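The structure displayed is predicted, hence computed values, not measured ones. Quick note: numbers below take in every heavy atom, side chains included, and nothing from hydrogens, waters or symmetry partners. Naming convention: chains lettered A, B, ... in sequence-line order (proteins, then strands); numbering from 1 in each chain.
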There are 2 protein chains.
Amino acid sequence: MRIGILAKLAACDVETVRYYEREGLLEKPERAASGYRHYAPRHLEALQFIRHCRSLDMKLAEIRQLLDFRRLPERDCSGINALLDAQIARVLQQIQMLESLKEQLYLLRAECEQRQSAQGCGILRSLNDAAMGRPCPCHEP
Amino acid sequence: MRIGILAKLAACDVETVRYYEREGLLEKPERAASGYRHYAPRHLEALQFIRHCRSLDMKLAEIRQLLDFRRLPERDCSGINALLDAQIARVLQQIQMLESLKEQLYLLRAECEQRQSAQGCGILRSLNDAAMGRPCPCHEP
DNA sequence: CCAACACCCTGGAGCAGCTACAGGGTCAAG
DNA sequence: CTTGACCCTGTAGCTGCTCCAGGGTGTTGG
């Protein structure tokens, strides 16, 4: 199957497939005389594996490791668990950061409800206060 | 004040300061005969403004706009509100995405509790299932 | 007065994970 | 035989920095 079909079946961009090949994530396919890549079903599986992992927001380096586990199924799987735990920890941390960010933004947003000149805008005033080291709603103790 | 002091006061890296200057966010400072940058207090204010906005995870393009509002205080401030609303929307969306990601990861993690060979690992099996288009715990309907 | 060391300069490359060209070649349908 | 869809390589761009290499400057201590 040609790269366009493969990409469509895996719901990703052709450029992305070539990128994964360059990065060594996806095995190099056969080439036709024309130079066109020709993929076997196993390539589609691997690509879908990669895309699924990406949809779980794993990094390419981690996916590389998972692909190794896939190739060497006799290996101890504790590395897989650790990898997933690290990923979960990362996600939890990001959520926490975004939650506090959300709070700060809400407080800041509340500083200006009506349309006025920027001079009178509470948001800009608060941002300026913060820049001057004065207390501001979004960064209070 | 020299760049090292400025950077320390704003709690950021010297390279970052130079980067902001290159990007046109921070006004170019005076130069000593030696070529060293010399900053006035207004530069520190501007830098702290930028860093504060960055701590709210605003993009540099947005901060550029906010700096314009700061320079032209007679302008209508509705752009500021819109900008902040967009930022809040972005954060909410990210939180939502991460929450669903978290759920998926938990489900996947539950597939393998004990140490074993990768062959028997439920996590790897689930990831493989997903790659084959079969149902998997993290991506069920 | 000189050495040592901290600081500063520029220009360029690197990170992650793609995406988007430019400038070509290939292939199937009508 | 032409049109249009596809494919190729190589390179550059995105974001927001960060980190060199290979130099110059400024200050402090002996």
Side-chain angles (χ1 to χ4, degrees), chain A residues 1-26 28-39 43 46-67 83 86-87 90-91 94 97-98 101, chain B residues 1-26 28-39 43 46-67 83 86-87 90-91 93-94 97 101:
Chain A
M1 121 190 64
R2 297 198 315 198
I3 197 169
I5 307 291
L6 180 80
K8 185 158 287 174
L9 288 177
C12 78
D13 201 297
V14 166
E15 308 273 10
T16 304
V17 177
R18 287 197 275 250
Y19 172 71
Y20 289 156
E21 181 182 328
R22 274 201 306 282
E23 290 299 301
L25 280 168
L26 199 56
K28 283 183 200 275
E30 303 276 304
R31 294 288 185 132
S34 59
Y36 285 17
R37 289 168 177 83
H38 275 289
Y39 294 95
H43 288 105
L47 180 55
Q48 279 169 334
F49 183 92
I50 296 169
R51 294 306 293 169
H52 183 68
C53 291
R54 283 296 296 138
S55 83
L56 296 171
D57 207 28
M58 292 175 189
K59 295 185 185 171
L60 296 190
E62 296 172 328
I63 297 173
R64 229 182 294 267
Q65 287 184 58
L66 287 176
L67 288 166
L83 211 145
Q87 169 71 356
R90 230 175 23 230
V91 168
Q94 279 181 41
M97 269 193 39
L98 284 171
L101 199 53
Chain B
M1 125 188 61
R2 297 199 313 200
I3 198 169
I5 308 291
L6 181 80
K8 187 158 285 175
L9 289 176
C12 78
D13 200 297
V14 165
E15 307 273 10
T16 305
V17 176
R18 288 197 276 249
Y19 172 71
Y20 288 156
E21 180 183 328
R22 274 201 306 282
E23 290 299 300
L25 281 167
L26 199 55
K28 283 183 201 276
E30 304 277 305
R31 294 288 184 132
S34 60
Y36 285 17
R37 290 168 177 83
H38 275 290
Y39 293 96
H43 289 105
L47 180 56
Q48 279 170 334
F49 183 92
I50 296 168
R51 293 307 293 170
H52 183 69
C53 291
R54 283 295 298 137
S55 83
L56 295 171
D57 208 27
M58 292 177 189
K59 295 184 184 173
L60 296 191
E62 296 172 329
I63 298 173
R64 229 183 293 269
Q65 288 183 58
L66 286 175
L67 288 166
L83 212 144
Q87 169 71 355
R90 229 175 22 229
V91 168
Q93 203 187 1
Q94 279 180 42
M97 269 193 39
L101 199 54

Chemist: Kindly give the atom pairs (protein nitrogen or oxygen, nucleotide nitrogen or oxygen) under 3.5 Å for nucleotides 3-5 of chain C.
Modeler:
none

Chemist: Please figure out whether B/Y39 or A/A61 has its closest DNA chain C nucleotide nearer the 5' end.
Modeler: B/Y39

Chemist: Just how far, in rounded Å, is C1' of D/dC8 from CZ of A/R31?
Modeler: 8 Å

Chemist: Could you tell me how far apart B/L6 (CG) and C/dC7 (P) are, to the nearest whole angstrom?
Modeler: 15 Å

Chemist: May I ask you to verify if any side-chain N or O of B/S34 is less than 4.0 angstrom from the OP1 or OP2 atom of D/dG26?
Modeler: yes

Chemist: Between A/R22 and A/R37, just flag the one whose closest nucleotide in DNA chain D comes earlier from the 5' side.
Modeler: A/R37

Chemist: Roughly, in whole Å, what's the span from CD1 in B/I63 to C1' in D/dG16?
Modeler: 10 Å

Chemist: Can you tell me how far P of C/dC15 sits from NZ of A/K59, to the nearest Å?
Modeler: 14 Å

Chemist: Go nucleotide by nucleotide along DNA chain D from the 5' end; which of B/R2 and B/Y19 gets its closest nucleotide reached first?
Modeler: B/Y19

Chemist: Want to settle it: does A/A32 or A/E15 sit nearer the 5' end of DNA chain C, counting the closest nucleotide to each?
Modeler: A/E15

Chemist: Taking only the side-chain heavy atoms of B/R18 (C-beta and beyond), determine which of D/dG16, C/dC9, C/dC18 contains the nearest atom.
Modeler: C/dC9

Chemist: Rounded to the nearest angstrom, tell me the gap between atom CG in B/L56 and atom C1' in D/dG16.
Modeler: 16 Å

Chemist: Quick one: NE2 on B/H38 to CZ on B/R31, what's the gap to the nearest 0.5 Å?
Modeler: 10.0 Å

Chemist: Send over the distance from B/L60 CG to D/dG13 C1', rounded to a whole Å.
Modeler: 16 Å

Chemist: Whole Å only: how far is the NE2 atom of B/H38 from the C1' atom of D/dT25?
Modeler: 11 Å

Chemist: Just checking B/R64: base, sugar-phosphate only, or nothing, at a heavy-atom cut-off of under 4.0 Å?
Modeler: nothing

Chemist: How many angstroms lie between CZ in A/R51 and OG1 in A/T16, if you round to the nearest 0.5 Å?
Modeler: 6.0 Å

Chemist: Looking at the side chain of B/T16, which of D/dT18, C/dC9, C/dC27 is the nearest nucleotide?
Modeler: D/dT18

Chemist: Is the count of non-hydrogen atoms from other residues, nucleotides or ligands lying under 6.0 Å from B/E23 atom CD greater than 12?
Modeler: yes

Chemist: Spell out, as yes or no, whether a donor-acceptor pair under 3.5 Å connects the side chain of B/R18 to the backbone of B/I3.
Modeler: no

Chemist: Between C/dC18 atom P and A/M58 atom CE, what is the distance in whole Å?
Modeler: 14 Å

Chemist: Is the CE atom of A/M1 crowded by more than 12 outside heavy atoms at less than 6.0 Å?
Modeler: yes

Chemist: At what distance, to the nearest 0.5 angstrom, does CD of B/Q48 lie from NE2 of B/H43?
Modeler: 13.5 Å

Chemist: Report the distance from atom NZ of B/K28 to atom OH of B/Y39, rounding to the nearest 0.5 Å.
Modeler: 10.0 Å

Chemist: So for A/Y20 and C/dG17, does any side-chain atom that can act as donor or acceptor lie under 3.5 Å from a complementary atom in the base?
Modeler: no

